[in-house]
Structures are given as structure tokens and as C-alpha cells.
Participant: 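After the C-alpha cells below, expect a handful of questions from me.
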Amino acid sequence: MDHKMSRRKKHGVILILLFLTAFAYADEQTWVFTSIPDFVNTDLGTLVGYPGYPDGYNDSTTAGFEATLAFYLDALAAENSELVLVAGDLVEGEWHRDSTGRYIFGYYGTHAERQTSLVNAADLYYSQWVDRFTSRGLTPYACVGDHELGDNNWGAGSNRARLVPDFKDAFAKYFTKDSNGVHKFSSRPVGTPYEDTSYAFQHKNVLFITIDVFRQDDPYTKLDNRTGSVVATVDGNHLTWLDNVLTAADSDPNIDHVIVQAHSPVLTPVRVRGSSELYLRDYDGTTDGSNADWGANTDFWQTLAAHDVDFFFAGEVHHNTLSISDGVIQIVHDGIPYSSGNYLLCKVTGKKIEFEIKHVDIGQGTEKFWQTVASNKTETVVDPCSLIEGWQTVATATYDKSTGVKKLTNLTGELIPYAPGVDDGSVEWSAKFETTGPYGKNFDFEDPPNWGTTGELSQDVIDWEEIGQKSLIDWEDGSWAPVGMTNIARVKAADSGRIWQNMAHAWSLNDVYRLSFDAYEVGWRSSDSETGDKIYFSINESDGTVLSSVGNINVDGTLSGDSAGSVTYGATPHNFEYLIYASDWQSNPDASEGKQLQILFGADGGVVWLDNVSFCMLPDLDCSGDVDLVDFAKMAYGWMSSDVLLDIAPPVGDGLVDANDLEILMNNWLR
């Protein structure tokens, strides 16, 4: 009997362990959500059968555009996405007017008529927008963007400004309330102007918070010189509600991650494609924001940081950028189906989230469609090659805090931090995060260049032509530039032409940087005895204080013949590399350790083309973003030599590549 009881107890213990194991395993099962901000940023919906729709006019959608939307949403459904975040700009939204004179949704003569036409347009476009998702079993969670408010800007007292409350009501009808007008979300800022447009909900182990950032006190009060009666900010009782929601989440053991979404980015710089760039700021009571905090200094961002929020998602800029500050990661990405089509795939497994940006190429079709701001807009369609190849992963990141320390790894593509060191990253960041990949190492800012300019300068050349190999066409005269050159910028001595870029990296005295760039000239001179064109560069602080300056570098091309008494020369690129020691700057009384850096290029004679610029912090010897075997091989090749590009220790080198340099390299191995 005792033996049998012992076996029963043993079996019972085994069953309990199996149950607990199964429960734990179930808790770690992977589930998926997706994000596509700015989807679709256009009014798309069929008007066939709609009262007042005249025969013979363009419909407000096309078969090709609908096929493009289906290509997107079928992909999300195939990913088994349990929910879809859409950070604003679902529609074109200019329903306060009709520039085409068709008045399908009603007349616009009085304020009441504009209110009615707005509701009619919203009912048509929002209902069909939602149906595209729900018919595939997808549940969208959207937030207000500027296009949901008629598109910026909202001049004080304008028709658009007066209709902002109506725009928000129309949005709420389809996204925060049910068919009976009852709120879907119990967690919302009740008693504030945002109670119908900001909300929070928990799905499995993630808390999602959606924020309406568009503040309007009244339609006749200007809050911002640019945007008029509306400003992008989060403050007052709205911010208090957010703080309370996050406080509750801090002590909830069932919440592993907190993700906040809003339309406007907070941290800058970010990549931008065809956007009006509405960024969030604190409202300081002035219309010019002269005393306002921006970026990580805003009350909104500091609230996220105080509660150790994991992610902030945004849209608006139609491009992809990952940025980090105060332990919070901002992911701004592209979901608009125009020149580039993307969605963000997010796989959650316990305290780990894996991210992928999926991409297809988008092109212009032939069919026209109507909306209230245009009667002949052209559809966009998926590129035929992408239809065959399907969605391609172009960027990745893995976020894991299962060990109690946040880790961001597997960073590729445009999820590599765009501006490493937004908050320096060397001290505050390391206390909260461990990173691998290029963070804090590679400051290659070439894609996109985003240069500031003065004088007569080129635009950035970014369009590829496939002619056997990738080549670029000179934007000015149509001639071919050298094979392999990308994002070319021209510096012309006339008009004191200069280009520069702020790198958002705060320097310290122990830093050693490697600057590499290609420079070359295309043109002619009267004889081969003349000196070539010249270029110079300087490393500055972002306020213009010069830290390092190298001037008048000759950039000689290859002489290639004689034409009308003049010697012509071709585009032979020359690579220039420099080591720059921050310790040299301590003798400069105007230098301030901890300030952000800027790199500037100028020309002193002729015209110089500049390309392939990279700026990185050693010991990443090849500026690849990792300290790895390639860097080790470089050092091994130059072992016991006096190569200044490898002589990285002590801080200003000692004239020999030896064990001191190797020690620094190994201390940063695979970081």
C-alpha cells in the first residue's frame, strides 16, 4: 500500500510538473502583431452606387490600387497578425473642401454644410478602410494623424481649424466606439479633449497605448506659427492619464512590454521621404516654440523614460529609423504604399520581441482615381518583380530583456540606429542596455546624406540605373559617374559652397575617430601644369566651433586628352583616410567635451565631387559597425608597422602597431 501510495504521489508530482511545464511553455509561445503607419494616406473607396456619383467620372479607387492594398493586407493575414497598429494618416482627409467641383459628399457653402459633407466622406472612406482589414480577420488599432484632421495646417479661424472636433468625432465613430456609439476602451483620458482618440489596452503580455498628439484649445487661437491652431504635444491632464496608466503597468506582473504609438516622431534626426515633418514638442505658450523642449527633453518622453517604456512607434515621415534615448527605443517606419512599400513584423516570445521590416517595390500604374483634392490622381501598384519575389526582409532587430538587462541585437538595415549617441549612449544608455552591432561604433551617415548646404551645390543623387553594374548619372549634365558611387554630393568653390551634417554624437576626450571619403573631379583645365581642384574638411561641434581642420587637399584626376586647347580629366576617385584624436581638442578653450559633432566639407578651387563618406570610432578599423575578424586581419597585416590608421593606443598612438593596440581591439571584440 505504501509503495502504491508512493507511486501515486510520484505520478502526481510528475503530472503537476508536466502541467506547470506546459503552462510555462504556453506562456512562452510566440505571437505576432504588425505595424503599418500612414496606411494608406489616400482616400480610397468605390463610389459606384453612391448618391450623386455621376456616370463617366473617375471612381475614387482603381482595381490596381485595390490589388496593392490586398497585397499588403493578405501578407499581414498570412503572418497571423493578431493586431495591426496604424500610427495615423489612414486617409487623405481633406473633406472640408472639394477642389474638383463635383460635390459628391455635399456642398461646402456654410459651416453646417461642411460638417455634413465631412461626415459623408468619412462614412464612405473609413467604412471601406476598416472592411479591408476585418474581411481578412485583421483588427486595426489606429491613432489620429494630421490627415485624420484634414491635413496640416490649421490656420486660426480657418474652415479646416473649425472642423477639427468634427474630424475627431468621425475618427472615433470607426476606431474607438462600437456601432452603438459605446466606447470600446475603458482605459482612456476621460474628461479631456482626447477621451475619444487616446486609449490603452492589453493584449496578452503587451500593453499598447495610443496617443492623439494634436492639441487645439479653440479654432481661433494660434498655438504654432507653422501649424496654426493645432500643435503636436502631450501635456496637462492628457499626460497625467498616460502617467497613471504607466504607473499601473509598472506593478502588473502580466505585462512584459509597453508599446506607445502616436503619429508624430519625438527623437530626431530621422530619415524623411515626402513629409511635412510634424514633430512632437512641449507647448511653452509661445507660437514659435522659442522656449519649448523638443525630443528626449519633452515631458512626454521623460514620462516614458521614467516608467522604463520599451518602445515608441510613430509614422509621419514615410521612412524607417530606429533611435534610442533614456532607455526607450523609438521606431519610426514606413507603411505608405507609394515609392517604397513596407510593414513592420513583430514576433513576441515572452520578454523578447523580434522585428523585421518587410519590403516590396512600388511603382506607378496607369489608372486615375478621384478624391476631394484631385480628380485625376494616379494609382500605385506593386512592382511586377516584387509580385513574383514577394515580401523581402530588409531590416531586423531583436529586443530581449529576459535576463533582467535590456539587450538590442541583430541590428541590420534601417533598424541600425540612425544617429548613435542621441543621448550620448556611453553612460546613461549602458546602464539600461547592452548592444551589439554598430551602436556607438559606426557613424556612417551616407544613407541618406541629409546634408546642410550653402553656396551652389548639387542635390543628392540617389536614383540608381541598372547598366550591367550599378552606376549613377551626373544630375547636372547626364554623363556617367564612376561605377559604384552612391549618394554623390558636389562642392563648388564659387559662392563659398560647403556641405555639412550634424552627427548627433557627443564626443569625449578618449575617442579616436577614423574619417574616410572619396573625392574626385570631372572637368577641364587649360594645361596639365595647373594644380587640381582642392577640398577641405573640418570636425566641428554642432554650434560651429572648429575642433579639427584639414584644408586644401589636392584632388587630381587622370588627364585623358586634349580638346580645343584644353586638357580634360576624368572622374578618378581618390580615397582619403584620417585618424582624428579627440584628446587633441582639450587645448582648444572653446571646445566642450560632451557636445555633439558636425562634419563639414568645402572646396577651395574648382568643383569637387564627394562620396562614400564614413566616420566611425575606433577600434572599428573598417567602419563596418562590428569589431571582428576583418579588423583583426587589418591589424595583423600592419603588425609592428607604424601605420597611423592602426596605431590606436595609447590615445594618440605611439608609433608602433603592437600589443597595446591589439588589447584595445580585443576589449571591443564583436561589439
Side-chain angles (χ1 to χ4, degrees), residues 38 41-43 88-103 105-122 125 143-172 192-194 196-198 211-236 238 262-265 268 272 274-292 294 298 314-318 371-375 377:
D38 302 277
N41 209 320
T42 300
D43 291 339
D89 282 5
L90 288 62
V91 292
E92 176 66 41
E94 296 204 28
W95 305 328
H96 59 288
R97 64 190 183 110
D98 186 345
S99 62
T100 71
R102 290 174 62 178
Y103 304 116
F105 300 119
Y107 290 103
Y108 296 78
T110 67
H111 182 66
E113 287 175 336
R114 284 187 287 272
Q115 288 177 305
T116 299
S117 62
L118 186 158
V119 169
N120 290 338
Y125 290 119
C143 72
V144 169
D146 53 289
H147 280 268
E148 280 67 62
L149 305 183
D151 195 9
N152 63 288
N153 294 308
W154 304 268
S158 66
N159 291 333
R160 192 187 326 232
R162 295 170 63 199
L163 288 167
V164 165
D166 300 278
F167 277 114
K168 291 195 177 188
D169 287 345
F171 174 88
T192 76
Y194 312 95
D196 294 338
T197 46
S198 290
I211 300 292
D212 169 8
V213 301
F214 295 99
R215 168 179 167 176
Q216 184 190 63
D217 293 351
D218 72 73
Y220 297 93
T221 300
K222 181 169 72 172
L223 302 180
D224 187 272
N225 283 340
R226 175 191 173 195
T227 56
S229 69
V230 174
V231 64
T233 192
V234 182
D235 53 15
H238 194 198
H263 184 61
S264 296
T268 58
V272 180
S275 167
S276 53
E277 299 185 59
L278 298 175
Y279 300 120
L280 186 144
R281 70 171 174 93
D282 282 344
Y283 179 64
D284 61 346
T286 69
T287 58
D288 61 1
S290 55
N291 298 314
W294 295 76
T298 57
E316 167 64 18
V317 293
H318 313 152
Q371 49 186 12
T372 59
V373 293
S375 58
K377 290 195 73 172

Participant: List the residues meeting ring-ring contact (aromatic ring centres under 6.0 Å, His included) with Tyr107, not counting sequence neighbours, and say none if there are none.
Facilitator: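 ring-ring contact (aromatic ring centres under 6.0 Å, His included) list for Tyr107, sorted by chain: Tyr103.
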Participant: Give the C-alpha distance, both sets of side-chain angles, the deciding distance and a yes or no for side-chain hydrogen bond (donor to acceptor under 3.5 Å, both in side chains) between Asn225 and Thr287.
Facilitator: CA-CA 5 Å; Asn225 283 340; Thr287 58; 2.9 Å; yes
Participant: Locate the shortest heavy-atom distance separating His238 from Ser198; write the atom from each residue and the value.
Facilitator: NE2-OG, 2.9 Å
Participant: Can you name the ring-ring contact (aromatic ring centres under 6.0 Å, His included) partners of Phe171, sequence neighbours left out?
Facilitator: Phe175
Participant: Which heavy atom in Asn153 sits nearest to a heavy atom in Arg160, and how many Å separate them?
Facilitator: O-NE, 3.1 Å
Participant: What residues, two or more places apart in sequence or in another chain, satisfy side chain to side chain donor-acceptor pair (under 3.5 Å) together with Tyr279?
Facilitator: Glu277
Participant: Determine, step by step, whether Ser275 and Glu316 satisfy the side-chain hydrogen bond (donor to acceptor under 3.5 Å, both in side chains) criterion, reporting the C-alpha distance in whole Å, the side-chain angles of both residues, the deciding distance to 0.1 Å, and the verdict.
Facilitator: CA-CA 7 Å; Ser275 167; Glu316 167 64 18; 3.0 Å; yes
Participant: Could you list the residues that satisfy salt bridge (charged side-chain N to carboxylate O under 4.0 Å, His left out) with Asp89, not counting sequence neighbours?
Facilitator: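 With sequence neighbours excluded, Asp89 shows a salt bridge (charged side-chain N to carboxylate O under 4.0 Å, His left out) to no residue whatsoever.
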Participant: So does Thr286 get a backbone contact from the side chain of Asp284, meaning a donor-acceptor N/O pair under 3.5 Å?
Facilitator: yes
Participant: Working note: Phe167 + Phe214, criterion ring pair (Phe, Tyr, Trp, His ring centres under 6.0 Å); need CA distance, chi angles, decisive distance, verdict.
Facilitator: CA-CA 12 Å; Phe167 277 114; Phe214 295 99; over 10 Å; no
Participant: Under the side chain to side chain donor-acceptor pair (under 3.5 Å) test, which residues partner Thr100, sequence neighbours left out?
Facilitator: Asp98, Trp370
Participant: Could you pull out all residues at least two apart from Asp217 that satisfy salt bridge (charged side-chain N to carboxylate O under 4.0 Å, His left out)?
Facilitator: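 Partners of Asp217 by the salt bridge (charged side-chain N to carboxylate O under 4.0 Å, His left out) criterion, ordered by chain and then number, come out as Arg215.
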Participant: Would you call Asp166-Arg114 a salt bridge at under 4.0 Å N-O?
Facilitator: no
Participant: Picking from Leu118, Thr372, Asp43, what satisfies side chain to side chain contact (heavy atoms under 4.5 Å, CB included) with Glu94?
Facilitator: Thr372
Participant: Do we see a donor-acceptor contact under 3.5 Å between the side chains of Ser229 and Gln216?
Facilitator: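 Yes, a side-chain donor-acceptor pair sits under 3.5 Å.
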